[in-house]
Amino acid sequence: MTGLTGLNRKHDVVPLIRDSDLVAAALRQALADASPQERPGLERAAALVESTAAATDGQLRARWVRARLASAGFTGDLASVAALRSLRRAEPDLSLLAAVRLQKDALAFPE
């Protein structure tokens, strides 16, 4: 696969995919068809989807960075070079530029 253009290079751009509108629509349909016993759980799920949908792109990238660092076992300072190294080890296709941008998002949007 390395013969295909771009598959062996680091990536400077990290796409952000939002599908919360699809999930929200499915929950609304489920709520419309729900029994009284199912309704409280579905209402809670709908509220969670709405709160996630309200997050900015930077907030979503910050959450993603924290999740990737946590899954890599990193527990140190997000502003450190060690955090940057850990993120790049967890996501080897990230360029240094993309990793720095993501690190800045994580620092700009604390939990």
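In this chain, numbering begins with 1 at the start of the sequence shown.
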| task | Please name the pair of heavy atoms, one in A106 and one in A62, separated by the smallest distance, quoted to 0.1 Å. | result | CA-CB, 3.6 Å
| Distance-only, no hydrogens or angles: does the R88 side chain make a donor-acceptor pair with backbone N or O of A99 under 3.5 Å? | no
| query | What is the minimum heavy-atom distance between L69 and L87, and which atoms define it? | reply | CD2-N, 3.6 Å
| message | Does anything in residues 40-56 form a side-chain hydrogen bond (donor to acceptor under 3.5 Å, both in side chains)? List the pairs, not counting sequence neighbours. | response | T56-Q59
| query | Going by the side-chain hydrogen bond (donor to acceptor under 3.5 Å, both in side chains) test, which pairs reach into residues 102-111, not counting sequence neighbours? | reply | R61-D105
| said: Checking one residue: L22. Which other hydrophobic residues are in its cluster under the side-chain 4.5 Å linking rule? | reply: none
| remark: residues 21-32 vs side-chain hydrogen bond (donor to acceptor under 3.5 Å, both in side chains), sequence neighbours excluded, gives Q29-D33
| said: Give me the atom names and distance for the closest heavy-atom approach of P92 to R89. | reply: CD-O, 3.8 Å
| Closest non-hydrogen atom pair between R66 and L78, with its separation | NE-CD1, 3.8 Å
| request: Kindly work out whether a path of hydrophobic side-chain contacts (I/L/V/M/F/W/Y, heavy atoms less than 4.5 Å apart) joins W64 to L48. | output: no
| So which heavy atom on S95 is nearest to which on A98, and how close? | OG-N, 3.1 Å
| note | Apart from V23 itself, members of its ILVMFWY cluster (side-chain separation under 4.5 Å) are L27, L31, L42, V49
| said: If you define the side chain from C-beta out and look only at heavy atoms, does anything of P36 sit under 4.5 Å from R39? | reply: no
| note | Heavy-atom nearest pair, F74 first then S86, reads CB-OG, 3.6 Å
| request: List for me each residue that meets salt bridge (Lys or Arg N to Asp or Glu O under 4.0 Å) alongside D19, sequence neighbours excluded, and say none if there are none. | output: none
